[in-house]
Amino acid sequence: MSGIELKQLSEKVFYLPGTVNAAIVLNEEREAILLDTGSDKDHGRRLKKACDNLGVKPVVIVNTHSHADHYGGNDYLTRNFDLPVYAPPLEAGIIQNPVLEPIYLFSGAKPLPELMSKWLLAKPSRVDHILEPGALELFGVALEIIDSSGHAHRHYSVKIADVLVAADAVFGINILQKYPLPFGQDIGGQIASAERMADVGAQVILPGHGEASEDIAGLVKANIAVFEKAAKTIVGACTGVAATTVLKRSCEILGITIKDLPRYYLNHCTVMAYLSYLRESGHVELALQDNELRWSAAGN
Ligand SMILES: [Zn+2]
């Protein structure tokens with residue numbers, strides 16, 4: 001097999017490892033379904049080259065969610081090879097209008113220019129079909145689309161026989177060690193979705209970031225432990241202070257040093273998602289006093 005960079009997960013499923021993993025699923029006619037396309041044109045090119053090396057032709061793109069690093073290769077691939085694109089609802093709107101990502105990270109206001117880098121702002125892509133959870137036969141391949149929302153508001157994972165392309169429903173062990181506050185937009189959903197990954201009958205799981213694993217239960221457990229530690233840390237930081245102070249204290253406790261504005265706003269969004277989840281689950285309270293929103297642990 002001459003796929004220079006590709007790793008093989010099963011007879012029909014390969015992936016291109018990188019800062020973000022994109023998967024290639026083959027059908028009987030040597031055609032390829034692309035699951036996510038990486039962060040940019042270069043990533044799209046590498047995916048095409050990987051298909052060339054396998055002797056297969058890409059015929060369709062399935063995006064798992066709308067974060068720029070997962071669909072940034074769409075533009076190159078759709079423009080040059082006219083591939084149709086499938087994406088989850090809501091996320092499809094962002095994939096077609098990528099500026100919405102820096103806009104929501106900056107609370108809906110005109111984003112700072114630092115948030116308009118390709119890390120957070122991909123080129124727009126058309127979306128031809130909205131995905132629904134359940135069975136989907138695509139170019140002769142039986143896919144199971146699994147709702148794994150939470151990391152993104154609508155996030156879908158894809159199961160092909162016993163291979164689960166989880167995308168960012170879970171993170172690889174090495175990623176969890178590096179990022180003790182992994183990005184999430186709906187933490188209740190994120191925890192439930194990570195747990196779901198262990199219950200779908202797969203033998204091997206590919207996270208969006210990090211190594212594939214056959215220890216699915218172990219990987220899920222490690223993800224839940226990190227989410228729970230982050231939640232506990234954030235509750236402890238809620239001592240009648242503003243969310244920005246909760247963010248600062250939580251980062252100190254978790255050993256995170258934020259070095260740039262994109263990372264600041266990604267962490268900020270994640271802390272807001274935890275606060276929303278923790279308020280809904282009765283762990284923290286919110287008071288509006290002196291024109292400031294102050295977060296406290298429940299009962300304090
Ligand atoms: Zn993501």
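Sequential numbering from 1 along the given sequence is applied to the chain's residues. For ligands, and for the atoms within them, numbers begin at 1 and follow the listed sequence.
Side chain to side chain, Arg249 and Thr239 meet the donor-acceptor criterion of an N or O pair below 3.5 Å. In this model, no donor atom of one side chain and acceptor atom of the other lie less than 3.5 Å apart for Asp215 and Ser213.
Between the Zn ion (ligand 1) and His70 there is no N/O/S contact shorter than 2.8 Å. With 2.8 Å as the limit, His155 does not count as an N, O or S neighbour of the Zn ion (ligand 1).
Each of Asn63, Leu136, Asp147, Thr64 was checked for a side chain to side chain contact (heavy atoms under 4.5 Å, CB included) with Leu131, and the lone residue meeting it is Leu136.
Residue His67 approaches the Zn ion (ligand 1) most closely through its N/O/S atom ND1. The name of the N, O or S atom in Asp168 nearest to the Zn ion (ligand 1) is OD2.
Taking the ring axis of Phe81 as reference, the NZ or CZ atom of Lys48 stays within 45° of it and closer than 6.0 Å to the ring centre.
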